[in-house]
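The structure appears right after this line, and notes come after that.
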Amino acid sequence: MKKSILILLFILTFNHINAQLGFGKIEDINRIKEVPLLVILQEKSEKTIKKITKSKKADINQYYSDIESFNTAIRDGFENSWVFSNKIKFITTKELETYNSKSNKRKYAYFQLLIDEGDDGFSLLESKGLITTYNYALYLTGQKKPVYSYMYSSNLPNSADFKFISQQIQNYLVGREKLKSGKKSRKEMVAEFNKNAHEIKNKTLLLNKEDLTENLIDEIKNIYKYDYKITTKDEIDKAILNNDESIAYLKVVPMGQATGSTGPIKVSKLLFLQYIMDAKNGQILTFIRPSSMGLGGTLGTALKDSKSKMKIKDLKKIIKAINPQISEL
């Protein structure tokens with residue numbers, strides 16, 4: 001069992017890194033560049049409204065407010081960042097049914113939130129089940145499989161989050177476009193990412209306190225010799241929205257989910273990538289990926305999400321990427 005989980009985690013890691021670096025069909029990428037992009041807005045669901053009205057804990061006004069916030073944020077995020085294709089239009093799910101037909105096959109691209117419902121409750125007598133995840137997927141109309149899917153940690157992103165998501169999707173599209181044949185090795189593509197890492201030392205690195213372990217917060221002044229600031233997500237969001245060329249920032253993003261067993265109990269965990277991003281344009285300067293590790297061990301260890309917080313050893317890898325001449329840290 002442990003061996004199969006190790007293999008599963010390795011496949012998840014490897015496939016996601018490949019996707020980030022560009023392993024899609026080049027004809028799909030070329031088509032997306034030529035056609036209008038449809039961005040799907042959230043709309044009120046009668047089924048959800050009925051559930052909320054029956055519940056004593058849920059707030060119907062909050063539900064309406066969340067829909068409005070989502071739609072405002074996705075409009076702002078994409079209008080201020082999407083440049084891969086010339087035309088962009090915001091539509092509802094119901095309107096998508098008209099566009100997403102056989103007669104319109106590959107005539108449009110569309111961007112949509114997909115929620116994979118999990119069972120986030122936990123009981124020693126029951127399986128933990130899968131964790132609810134949020135994927136932002138890019139399709140061509142008339143095709144069932146997405147051209148690209150980007151997992152994010154929230155179903156209610158703000159404008160800066162959507163700008164970040166839009167930038168990363170475009171990074172993938174442009175990267176895949178440049179690769180053309182897709183014959184470059186994974187090692188070569190990782191090297192292409194890391195070649196820009198030296199730029200980090202010329203910027204102020206913003207680190208959200210919530211994304212750092214306590215040990216790293218205590219020791220960072222002794223480890224990181226370049227400009228940095230431990231701050232909040234709000235300040236990082238401002239740098240993203242302002243395209244601040246003086247700023248690099250840490251972004252911790254889920255890349256996949258693995259499920260296995262620890263004894264009689266089934267557990268799930270998320271795997272995370274730690275990106276250092278350029279606020280000027282949303283380009284990846286370097287990243288730390290999770291190791292291929294299983295779900296075995298103690299229950300507490302098994303339930304702990306991989307790389308959800310930056311540790312001292314992770315920061316040391318970033319420093320090594322910035323300055324490869326450093327032999328030991």
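In this text, all values refer to a predicted model and were calculated from it rather than measured experimentally.
A donor-acceptor pair shorter than 3.5 Å cannot be found between the side chains of Thr72 and Glu68. Residues Asn215 and Thr213 bring no donor and acceptor atom of their side chains to less than 3.5 Å of each other. In this model, a donor atom of one side chain and an acceptor atom of the other lie less than 3.5 Å apart for Lys163 and Asn243. Residues Gln168 and Asn171 bring a donor and an acceptor atom of their side chains to less than 3.5 Å of each other. No side-chain donor from either of Glu27 and Asn30 sits under 3.5 Å from a side-chain acceptor of the other. Side chain to side chain, Tyr224 and Lys316 fail the donor-acceptor criterion of an N or O pair below 3.5 Å.
Around the NZ atom of Lys225, the shell of radius 6.0 Å holds more than 12 heavy atoms that belong to other residues, nucleotides or ligands.
Using a 4.5 Å cut-off between side-chain heavy atoms of Ile, Leu, Val, Met, Phe, Trp and Tyr, with links allowed through other members, Val83 and Tyr150 fall into different hydrophobic clusters. Side-chain heavy atoms closer than 4.5 Å link hydrophobic residues (I, L, V, M, F, W, Y) into clusters, and following such links, possibly through other members, connects Ile288 to Ile322. If you chain together hydrophobic residues whose side chains sit under 4.5 Å apart, Trp82 and Leu241 never meet in one group. Two different hydrophobic clusters hold Leu41 and Ile49 under the rule that ILVMFWY side chains link at heavy-atom gaps under 4.5 Å. Both Phe70 and Leu138 are members of a single hydrophobic cluster when ILVMFWY side chains are connected at heavy-atom separations under 4.5 Å.
Annotation for Pro146 and Ala137: closest pair CB-CB, 4.1 Å, computed over non-hydrogen atoms. Residues Val252 and Ser308 come closest through the heavy atom pair CG1-O, 3.6 Å. The shortest heavy-atom contact between Val253 and Met151 is CG1-O, 3.3 Å. When all heavy atoms of Ser85 and Leu37 are compared, the closest pair comes out as OG-CB, 4.1 Å. The two residues Leu212 and Asn208 have their closest heavy-atom pair at CG-O, 3.6 Å. In this structure, Tyr108 and Leu38 approach most closely via the heavy-atom pair CB-CD1, 3.9 Å.
At least one side-chain heavy atom of Met310 sits less than 4.5 Å from a side-chain heavy atom of Leu216. At least one side-chain heavy atom of Leu315 sits less than 4.5 Å from a side-chain heavy atom of Ile223. Residues Leu250 and Tyr275 have side chains not in contact (no heavy-atom distance under 4.5 Å, counting atoms from C-beta outward). Contact of the Glu79 side chain with the Phe90 side chain is registered, since non-hydrogen atoms from C-beta on lie closer than 4.5 Å. Contact annotation: the side chain of Tyr249 never approaches that of Ile276 to less than 4.5 Å [non-hydrogen atoms, C-beta and beyond]. A heavy-atom distance below 4.5 Å is not found between the side chains of Ile74 and Leu113. Residues Phe111 and Ile169 have side chains in contact (heavy-atom distance under 4.5 Å, counting atoms from C-beta outward). In this structure, Tyr136 and Tyr148 have side chains that are not in contact, with every pair of non-hydrogen atoms separated by 4.5 Å or more.
Lys107 places a side-chain N or O within 3.5 Å of a backbone atom of Ser103 that can act as its donor or acceptor partner. Side chain of Asp76 to main chain of Ser159: no donor-acceptor pair is present (N/O by atom type, distance under 3.5 Å, no hydrogens or angles). Under a 3.5 Å cut-off, the side chain of Gln274 and the backbone N or O of Lys309 do form a donor-acceptor pair. Using a distance-only test at 3.5 Å, with no hydrogens or angles considered, a donor-acceptor pair links the side chain of Gln170 to the main chain of Ser166. Side chain of Glu199 to backbone of Leu285: no donor-acceptor contact under 3.5 angstrom is found. In this structure, Asn158 contributes its side chain and Asp161 its backbone to a donor-acceptor pair below 3.5 Å. Not a single donor-acceptor pair under 3.5 Å links the side chain of Gln283 to the backbone N or O of Asp278. No donor-acceptor pair closer than 3.5 Å links the side chain of Asn323 to the backbone N or O of Lys320. In this structure a side-chain-to-backbone donor-acceptor pair under 3.5 Å is present from Ser81 to Gly77.
Looking at Lys238 and Glu235, no side-chain N of the basic residue comes within less than 4.0 Å of a carboxylate O on the acidic one, giving no salt bridge. Between Asp28 and Arg176, no side-chain nitrogen of the basic residue sits less than 4.0 Å from a carboxylate oxygen of the acidic one, so the salt-bridge criterion is not met. Classification of Glu245 and Lys203 as a salt-bridged pair fails, no side-chain N sitting under 4.0 Å from a carboxylate O.
Here the straight-line distance linking atom NZ of Lys280 with atom CD1 of Ile240 works out to 15.5 Å at 0.5 Å rounding. For the atom pair OH (Tyr134) and OH (Tyr152), the distance works out to 13.5 Å, reported to the nearest 0.5 Å. Between Phe78 atom CZ and Ile88 atom CD1 the span is 6.5 Å, to the nearest 0.5 Å. With rounding to the nearest 0.5 angstrom, the OG1 atom of Thr286 is 5.0 Å from the CD1 atom of Ile318. For the atom pair NZ (Lys209) and CG (Leu206), the distance works out to 15.5 Å, reported to the nearest 0.5 Å. Note that CD1 of Ile29 is 12.0 Å distant from CD of Glu34, once rounded to the nearest 0.5 Å.
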### Query
Are Tyr139 and Tyr110 close enough, and set up right, to give a ring pair (Phe, Tyr, Trp, His ring centres under 6.0 Å), and what steps lead you there?
CA-CA 5 Å; Tyr139 291 84; Tyr110 67 95; 4.9 Å; yes

### Message
With side-chain contact (heavy atoms from CB on, under 4.5 Å) as the criterion, how do Gln167 and Met277 come out once you've worked through the C-alpha distance, each side chain's angles and the decisive distance to 0.1 Å?
### Response
CA-CA 11 Å; Gln167 287 173 332; Met277 310 296 304; 6.0 Å; no

### Task
Apply side-chain contact (heavy atoms from CB on, under 4.5 Å) to the pair Tyr64 and Asp66, showing each step before the final yes or no.
CA-CA 5 Å; Tyr64 294 152; Asp66 286 349; over 6 Å; no

#### Entry: Evaluation steps, side chain to side chain donor-acceptor pair (under 3.5 Å), between Asp244 and Ser246
CA-CA 5 Å; Asp244 194 332; Ser246 69; 2.6 Å; yes

### Task
May I have the step-by-step check of salt bridge (Lys or Arg N to Asp or Glu O under 4.0 Å) for Arg289 and Asp314, ending in yes or no?
CA-CA 9 Å; Arg289 65 178 183 268; Asp314 298 325; over 6 Å; no

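With a 6.0 Å cutoff to the six-membered ring centre and a 45° limit on the axis angle, Lys44 does not count as a cation-pi contact of Tyr63.
For Tyr226 and Tyr228, the ring centers sit 6.0 Å or farther from each other.
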